[in-house]
Amino acid sequence: MLLSVALLTACAHSTRLEDECRYSSNRTQFAFWSDVAEQMEVRIYDSFDTDVFETLMLRKGADNFWTAVAEGDQLGKFYTVRSFQNGEWAPESPGIFAKAVSVNGQRAAIIDMKTTDPAGWNMDTRPEMTDPTDVVVYETHLRDFTMSPNSGVAAKGKFLALTEEGTRTPDGLSSGIDHLREMGITHLQILPFFDYGSIDETALAVNRYNWGYDPVNYNVPEGGYSSDPYDPAARIRETKEMVMALHKAGIRVIMDVVYNHTYDAMGCALGRVVPLYFYRLNPDGTYANGSGCGNETASDHEMMRRFMVESVSYWAREYHIDGFRFDLMGIHDRETMRQIRAALDEIDPSILTYGEGWAAMTPAYPYDSLAMKQFTYTMPRVGAFSDDIRNALIGSPFDHERGFASGNPAGAKDVMRGLLACLEWAGEPMQHVSYITCHDNYCLRDRIAVSAPDESEDTQIRMNKLAQTAVLVSQGMSFIYGGEELYRTKRGIDNSYQSPDSINIIPWENKERYDLWKYYKEMIAIRRAHKGFRLGSAELVKNHVEFLSSDNDGLIIYSIKNLEGLDTARSLVVLLNGTPEIVTADIPEADYTVLAHDAEADARGLGHIQTGHIAVEPYSATILAEE
Ligand code: CA
């Protein structure tokens, strides 16, 4: 027998789900939770693909953690766990909390996590952040961002792509991480980069694409983004290098997490280690399906809740992740979200938490206990995406109608609610994620093209700028889908989750062809320069914001006043014209710096006017700062 086995004495109070495998040079300790297993065993393999293994029987402790110790140095070996119940052995799995895995995540790897820290990691710090409403999130997928032959990046589609400085488009403009810095965004939200199942890591040359909303190992980075998916340490080290490079560039990192369902309920670790427990079931015993992906997890079950709390805490500590975007958050119960918030607060209260306050189908749990958007105010400092402002500005994803920014004045009322951060469901402005597009549904260019197909490209770009302007002057937290600033198109595909790179890549060549990105950049700078657009509390919003009356339903006049001591401007006036006409309006008589006008924007000012009357060009915003 290669392994001498010692049994751990009970240490019930301190056992964590994340302690499934604890390596040290003289022994490796295992601990797996199951309340139904009759036997459990670990198999230790010499390599990721050998059939030869040593078996280590686990012993059940009082807290339903099954433990064992493998004596000696197990570094570089791999393991699986399996459990026996109802007269049979369940298939092997890497456990629910593997921290390192072999290719395709089939076996967990025994590594020394300390050796995965890149040089300088202990000096890595989160960039400064004062208030969540100062945040401008840029969402991207690792392949979208750099797979284009015009990205100028060497490690295309990989974690390391975001560590390359000095990259250029074919026209010599900045690309990659330098482009993010140039745009002035504060946070990069990256589509799933935990280990997911839809890409075969042994066949990366095939270059398939997937968004990655199909979790396999929640606590390990995805091998497809690694330089070597066979090396368990590489993906871990490279993820840390990416985070560190972004932090150095002043950009925080938000992870898109998908705890609401798994790729495969029976075949994944959650389903194999403790069958059924981690999922909600229908009365007839079938898997409930609030995710629309075949199953939904049960955050209301104690150990699923603990799993989520420990998992986000682990990413925040081990990988220095600065925020979490919860996919289909409405499937999770609100108590779980509150506990996640509390756990992250112990690490760093500036870590962001927000998500989709809805589910794909009806979850199998009482609606009013779920983290649905309408209950956001009951979950302090957990935000939700505002489909209110989205649908009002560009139209609902369920039809092809125009929105306010594309010529439908019916949206005006909800645009105004969104500018105020929908404080009827958001308790505070930071709980309102202001956005018009994300990876889901049409990108902005395509959305405007399907809803206003007869308009010229020039007019469609004006609509694009107008819609994004409303997002960036809303009191909520700003969120932009990456590549919109480079006028990306998905050629009319509204669900590109497995479309090829040719559909999903950001077109870096457009940086020269269109100046849209300059407008976005200036609008981001305008937001960041003026506290009036991000007052930060419901009380300040109520005290300082009003809408001036307009004779035209398609003109919104948004006024932020009495800003002495808060902003460099005494007041701000934003006029949003969603009509094809020039619209005139009366505003308070004053000396103004013009920050935006006629589809142009400049944070330093386009000019000065003294007036009480203004003409707003078609489909555009005029923004005035009273000095
Ligand atoms: Ca994978």
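Ligands are counted one by one from 1 in listed order, and the atoms in each one are counted from 1 as well. Atom set for the values below is all heavy atoms of this structure, side chains included, hydrogens, waters and symmetry mates excluded.
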Asks: Are the side chain of Thr239 and the backbone N or O of Phe159 linked by a donor-acceptor pair below 3.5 Å?
Replies: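 No: the side chain of Thr239 does not pair with the backbone of Phe159.
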Asks: With respect to the Ca ion (ligand 1), what is the nearest N, O or S atom of Glu222?
Replies: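 Sorting the N, O and S atoms of Glu222 by distance to the Ca ion (ligand 1) puts OE1 first.
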Asks: Measure from the Ca ion (ligand 1) to each N, O or S atom of Asn104 and report whether any distance is below 3.0 Å.
Replies: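 Under 3.0 Å: Asn104 has no N, O or S contact with the Ca ion (ligand 1).
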Asks: Write the atom name of the N, O or S atom in Asp195 that is nearest the Ca ion (ligand 1).
Replies: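 Within Asp195, restricted to N, O or S, the Ca ion (ligand 1) is closest to atom OD1.
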Asks: Hey, is the main chain of Ala98 close enough, under 3.5 Å, to the side chain of Asn217 for a donor-acceptor pair?
Replies: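 Between the backbone of Ala98 and the side chain of Asn217 there is no qualifying donor-acceptor contact (under 3.5 Å).
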Asks: Looking at Glu222, Glu201, Glu241, which hits salt bridge (charged side-chain N to carboxylate O under 4.0 Å, His left out) with Arg235?
Replies: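 For Arg235, the salt bridge (charged side-chain N to carboxylate O under 4.0 Å, His left out) check succeeds only for Glu201.
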Asks: Do the charged groups of Asp387 and Lys373 touch, with an N to O distance under 4.0 Å?
Replies: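 Looking at Lys373 together with Asp387, the answer is yes, because their closest N to O distance falls below 4.0 Å.
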Asks: Take the Ca ion (ligand 1) as the vertex and measure to OE2 of Glu201 and O of Tyr196; round to 10°.
Replies: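 Taking the Ca ion (ligand 1) as the apex, I get 170° for this pair.
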